[in-house]
Amino acid sequence: MLDVHVPHKSEHTWTDFIIHIATITVGLFIAIGLEQTVEYFHHLHQRHELEQNLRDELRSDLRRDAADFNVFADIRAYTVELKSAVTARRIGQPSPPAPPAPNDPRRHELPSAPSIAIWEAAKLDATITLLPTTQINLYHAVVLQHDFTFVALDDFQHAAFALESFEERFIDSRGAFDMGYPAPLPNLDTMSPADLTQYET
């Protein structure tokens, strides 16, 4: 024979309530702690990755700068030779030096600006905030120098466009300095003294 009993109704005490709340609180603390730990390591990984990318970009810029110093040395030597030839003809020197050859490769050389693409991307996605303040200040100085360099390169390019525009008055050419194919040199011997003065300037 089955003996059926009505289940006993458990009574909730303050102690039970406090234990229940404490369990929930500890669980929340554990969950928040785990989340913060995961986030900390994620940010640490992002920071290390950003630092490595910035270092790689700076190394690449240093290599590009070394090449640009050679380009500027070539451009300066070419310009000095050209100016010497123009000046000699303007003042009527008996045996003027020959101008650079029309196919002189230095005439086609163009410098390039260093890159700060990684820094700009880090600014956009706010990962630069993961870097220490000292590093941020250091990179701000690098960016400032980049801006100065970019302005100088822009000035150089405008001067080169002006020179090419002057030269194209004396020779028909499809050359384009910004594409690395400037117009060939005009014949200095057919230029007037006024033209030579303007060319020298």
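- When side chains are defined from C-beta on, Met191 does not count as touching Gln198, because their heavy atoms never get closer than 4.5 Å.
- Checking side-chain atoms of Thr87 against main-chain N and O of Ser84 turns up no donor-acceptor pair under 3.5 Å.
- One finds the CD1 atom of Ile30 at 14.0 Å from the CD atom of Glu35 (value rounded to the nearest 0.5 Å).
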Fill in: Lys83 vs Glu200, side-chain contact (heavy atoms from CB on, under 4.5 Å): CA-CA, chis, key distance, verdict
CA-CA 6 Å; Lys83 186 173 182 182; Glu200 184 181 32; 3.8 Å; yes
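- Residue Ala117 comes nearest to Glu57 through the heavy atom pair N-OE2, 2.9 Å, listed as atom of the first residue, atom of the second, then distance.
- Relative ring orientation between His146 and Phe150 is described as parallel, the plane-to-plane angle staying below 30° on a 0-90° scale split at 30° and 60°.
- A salt bridge links Glu167 with Arg107: at least one charged nitrogen is closer than 4.0 Å to a carboxylate oxygen.
- Atom CD1 of Ile116 and atom CD of Gln145 lie 12.0 Å apart (nearest 0.5 Å).
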Fill in: Worked check of side chain to side chain donor-acceptor pair (under 3.5 Å) between Ser192 and Asp195
CA-CA 5 Å; Ser192 70; Asp195 292 333; 3.0 Å; yes
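- Looking at heavy atoms from C-beta onward, His140 lies out of side-chain contact with Leu144 at the 4.5 angstrom threshold.
- Aromatic ring pairs are classed by plane angle as parallel below 30°, tilted from 30° to 60° and perpendicular above 60°; the pair Phe72 and Phe156 is perpendicular.
- For the pair Ile75 and Arg106, the minimum side-chain heavy-atom distance is 4.5 Å or more.
- Looking at Thr127 and Gln46, their side chains never bring a donor and an acceptor atom within 3.5 Å of each other.
- Residues Pro99 and Glu81 fail the side-chain proximity criterion, which asks for heavy atoms closer than 4.5 Å.
- Note: Glu51 CD to Ile118 CD1 = 13.5 Å, rounded to the nearest 0.5 Å.
- One finds the CG atom of Asn137 at 7.5 Å from the OG1 atom of Thr134 (value rounded to the nearest 0.5 Å).
- Of the possible donor and acceptor atoms, none in the side chain of Arg169 sits under 3.5 Å from a partner among the backbone N and O of Ser165.
- At distances below 3.5 Å, at least one donor-acceptor pair connects side-chain atoms of His158 with backbone N or O atoms of Asp154.
- Both Phe166 and Tyr78 belong to a common hydrophobic cluster when Ile, Leu, Val, Met, Phe, Trp and Tyr are linked at side-chain heavy-atom distances under 4.5 angstrom.
- Side-chain contact check for Leu58 versus Tyr139: some heavy-atom pair is nearer than 4.5 Å.
- Across every non-hydrogen atom of Pro97 and Ala85, the tightest pair is O-CB, 3.5 Å.
- Taken together through direct or relayed side-chain contacts under 4.5 Å among Ile, Leu, Val, Met, Phe, Trp and Tyr, Phe170 and Leu82 form part of one hydrophobic cluster.
- With sequence neighbours excluded, the residues satisfying side-chain contact (heavy atoms from CB on, under 4.5 Å) with Tyr40 are Leu44.
- We find the CD1-CD1 distance between Ile21 and Ile24 to be 5.0 Å, quoted to the nearest 0.5 Å.
- Hydrophobic clustering, with ILVMFWY side chains joined whenever heavy atoms are under 4.5 angstrom apart, keeps Leu130 apart from Ile128.
- The shortest distance between side-chain heavy atoms of Asp16 and Thr13 falls below 4.5 Å.
- Side-chain N or O atoms of Ser60 include none that pairs as donor or acceptor with a backbone N or O of Asp56 at under 3.5 Å.
- Residue Asp104 comes nearest to Pro100 through the heavy atom pair OD2-CB, 3.7 Å, listed as atom of the first residue, atom of the second, then distance.
- Considering all non-hydrogen atoms of both residues, Asp189 and Asn187 come closest at N-OD1, 3.0 Å.
- For the pair Leu54/Leu50, a side-chain contact is recorded, criterion being any heavy-atom separation below 4.5 Å from C-beta on.
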Item to complete: Dump the intermediate steps for side-chain contact (heavy atoms from CB on, under 4.5 Å) on Phe41 and His45, then the final yes or no.
Response: CA-CA 6 Å; Phe41 282 108; His45 172 73; over 6 Å; no
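- Taking each heavy atom of Pro96 and Arg89 in turn, the nearest pair found is CB-NH1, 3.4 Å.
- Using a 4.5 Å cut-off on side-chain heavy atoms (C-beta onward), Asp61 and Arg64 make contact.
- Dense packing is recorded around NE2 of His48, with more than 12 heavy atoms of other residues, nucleotides or ligands lying under 6.0 Å away.
- A distance of 11.0 Å separates CZ in Phe161 from CD in Glu168, rounded to the nearest 0.5 Å.
- Put simply, the side chain of Asp68 never gets that close to the backbone of Pro111: no donor and acceptor are under 3.5 Å apart.
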